[in-house]
Amino acid sequence: MSGVPTFRILHCLRAPVGGLFRHVRDLAREQARRGHAVGILCDTEGDALTEGRLAELAPDLVLGISRIPMPRDVGFADMTAVATTRDLARAFRADILHGHGAKGGAYARMAARSLRRRGIRAAAFYTPHGGSLHFSPSTPKGRIFMAAERWLARATEGLIFESRYAARAYVAGAGDPGCPTRVVHNGISPDELEPVHAVPDASDFVFVGELRHLKGVDLLLAAAEDIGRSRPCRVTIVGAGPDGAALEELARAKGLEASVTFAGAMPAREAFRLGRVLVMPSRAESLPYVALEAAGAGLPLIATDVGGVSEIVAGTDTRLVPPDNAAALADAMREVLDHPDAAKARARRLHAAIASRFSVSAMTDGVVAFYVSAAEARSVAVSADRAAA
């Protein structure tokens, strides 16, 4: 993008795992490639796979990778983390603090507000990535999160949503943020559009993701049990997470030890080789990378109709499954087993749609252009307010 100024950008996130981290990695690397000075601030936690990815990314980042303790729950330790975020941003002379997820978004915006009080101009942007949007505003916890979102919106130059669903969910829960907003879809790289070929003994189905209730692995196990009563059905589950042990115990309780394999965490494209169809039985999502990656790799996709998944398959004949419905999931899995050629044809059409609409380059174009327009709009508004005063 010619004529775009270069920025000093600090991306803030809590746990460097999952699709949120994938988004930050891709965005930071592409911004750095375009001449921006970029850094990442994240929690100290991380498995071996995460540490390897951070080490691989580090040489691209002029502002480096900073690690500080970021508690999952809200507490007094957050104030120390906000102060550290502010001090790092000041030391880096950051123009932009871009927070990702509820915790990263809070740190970035509170730090930027603190800097502005000290006469240091830093623009704050926020991408929820689901986060607090997964909590119903009708619950006590949801009301707390939405109140926090409304309060933090006053310190925000711009809100970036990775799906139209997330934008609607934010407004429904927190109301009009009073700052510029934009939907910028996640994207994948050109090499991720190359086909992945299954290993000879690949399972019928593969799940790739974090092992927690939100991802619906228990529903997949129930569907596999249902199908297994009348025909063979092999499933490989790839990932790690807080519910991993409980899910393995559930599989044993259902007598699925011979047909379900827990393979641990590994890169997505490596995991795709272990199954012939990707199943994504999530109870909630925003715009999941695993669906984009699987479609790019040419795998047939069985996914629940949650979040922005319908935006991914829009204009194709890939059908979605009602969420939290193990029977419907089993029916969709049986249909693929009965008609594999039709599933492969749908996968080819979905691949073509993904290739034309979801790229890292387009994602970065959208985010950087929004930095420019939203920061300019907020500066004009601030100037007008001061003149009126």
Side-chain angles (χ1 to χ4, degrees), residues 1-13 16-42 46 49-67 85 88-89 91-101 104-105 108 112 122-127 129 157-158 160-163 182-194 267-270 287-290 292-293 295-297 354-376:
M1 296 175 63
S2 61
V4 173
T6 56
F7 295 111
R8 300 178 68 82
I9 306 163
L10 181 62
H11 291 285
C12 305
L13 64 150
V17 297
L20 186 157
F21 179 43
R22 158 68 198 266
H23 173 89
V24 174
R25 256 174 40 232
D26 286 352
L27 179 58
R29 179 177 282 123
E30 182 65 12
Q31 287 173 334
R33 191 187 69 78
R34 297 180 183 199
H36 303 285
V38 184
I40 287 177
L41 172 64
C42 63
L49 188 60
T50 295
E51 299 303 327
R53 286 170 172 164
L54 285 169
E56 180 184 345
L57 179 62
D60 296 326
L61 305 183
V62 171
L63 304 185
I65 297 174
S66 303
R67 313 285 294 275
T85 303
L88 282 170
F92 292 151
R93 294 179 291 112
D95 305 303
I96 291 171
L97 279 72
H98 189 158
H100 301 264
F125 291 84
Y126 171 46
T127 303
H129 296 280
E157 265 67 38
I160 302 173
F161 299 103
E162 64 274 38
S163 65
R182 184 169 296 181
V183 173
V184 180
H185 285 136
N186 296 332
I188 59 177
S189 58
D191 60 308
E192 291 176 294
L193 294 172
E194 295 298 319
R269 285 179 68 83
E270 182 180 338
L287 195 89
Y289 268 104
V290 69
L292 293 174
E293 292 168 325
I354 296 300
S356 67
R357 294 192 286 122
F358 298 90
S359 72
V360 170
S361 179
M363 177 182 76
T364 307
D365 285 346
V367 169
V368 173
F370 187 58
Y371 287 166
V372 175
S373 64
E376 287 177 349

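Just so you know, these numbers use all the heavy atoms, side chains as well, and skip hydrogens, waters and symmetry mates. Keep in mind the model is a prediction, meaning the values are calculated, not measured.
- Put simply, CG on L10 and OG1 on T85 are 7.5 Å apart, with the number rounded to the nearest 0.5 Å.
- With sequence neighbours left out, E270 forms a side chain to side chain contact (heavy atoms under 4.5 Å, CB included) with M266, P267.
- A donor-acceptor distance shorter than 3.5 angstrom exists from the side chain of R269 to the backbone of E192, with no hydrogens or angles considered.
- Taking all atoms of both residues into account, the shortest heavy-atom contact from G366 to V184 is C-CG2, 4.0 Å.
- Judged as a side chain to side chain contact (heavy atoms under 4.5 Å, CB included), and not counting sequence neighbours, the contacts of L63 are R8, A37, F92.
- Using a 30° and 60° split on the angle between ring planes, F7 and Y371 fall in the perpendicular class, above 60°.
- Counting non-hydrogen atoms of other residues, nucleotides and ligands closer than 6.0 Å to CZ of R67 gives a total above 12.
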Assess the residue pair V368 and H36 against the criterion (side chain to side chain contact (heavy atoms under 4.5 Å, CB included)); give the C-alpha distance rounded to whole Å, side-chain angles, the decisive distance to 0.1 Å, and a yes or no. CA-CA 10 Å; V368 173; H36 303 285; 4.0 Å; yes
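- Looking only at side-chain heavy atoms (C-beta outward), V372 and P5 come within less than 4.5 Å of each other.
- Heavy-atom minimum distance, I40 versus A28: CD1-CB, 4.2 Å.
- Ring planes of H98 and H11: tilted class, angle from 30 to 60°.
- Scanning all heavy atoms of the two residues, the minimum distance from G296 to I188 falls at CA-CD1, 4.1 Å.
- A 4.5 Å side-chain heavy-atom check between R25 and R53 finds at least one atom pair inside the cut-off.
- Rounded to the nearest 0.5 Å, atoms OG (S359) and CG (L292) are 11.0 Å apart.
- The shortest distance between side-chain heavy atoms of V367 and Q31 falls below 4.5 Å.
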In sequence, state the C-alpha distance, the side-chain angles, and the governing distance for M363 and H23, and then conclude on side chain to side chain contact (heavy atoms under 4.5 Å, CB included). CA-CA 10 Å; M363 177 182 76; H23 173 89; 3.5 Å; yes
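- If you take CG on L20 and CG on L13, they are separated by 6.0 Å, rounding to the nearest 0.5 Å.
- In plain terms, the two heavy atoms of A112 and L97 that are nearest each other are N-CD2, 4.1 Å.
- The main-chain N or O of A124 is found under 3.5 Å from a side-chain atom of E157 such that the two form a donor-acceptor pair.
- Taking the six-membered ring where tryptophan is involved, the planes of H100 and H129 are tilted, since the angle between them lies from 30° to 60°.
- For the atom pair Y289 OH and F21 CZ, the distance stands at 12.0 Å (nearest 0.5 Å).
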Full working for side chain to side chain contact (heavy atoms under 4.5 Å, CB included) between F370 and I160: CA-CA 8 Å; F370 187 58; I160 302 173; 3.4 Å; yes
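- The heavy-atom pair separating A32 from D60 by the smallest distance is CB-O, 3.3 Å.
- S163 contributes no side-chain N or O that, together with a main-chain N or O of L287, makes up a donor-acceptor pair within less than 3.5 Å.
- Looking only at side-chain heavy atoms (C-beta outward), F125 and I9 stay at 4.5 Å or farther from each other.
- In this structure, I354 and A295 approach most closely via the heavy-atom pair CG1-CB, 3.6 Å.
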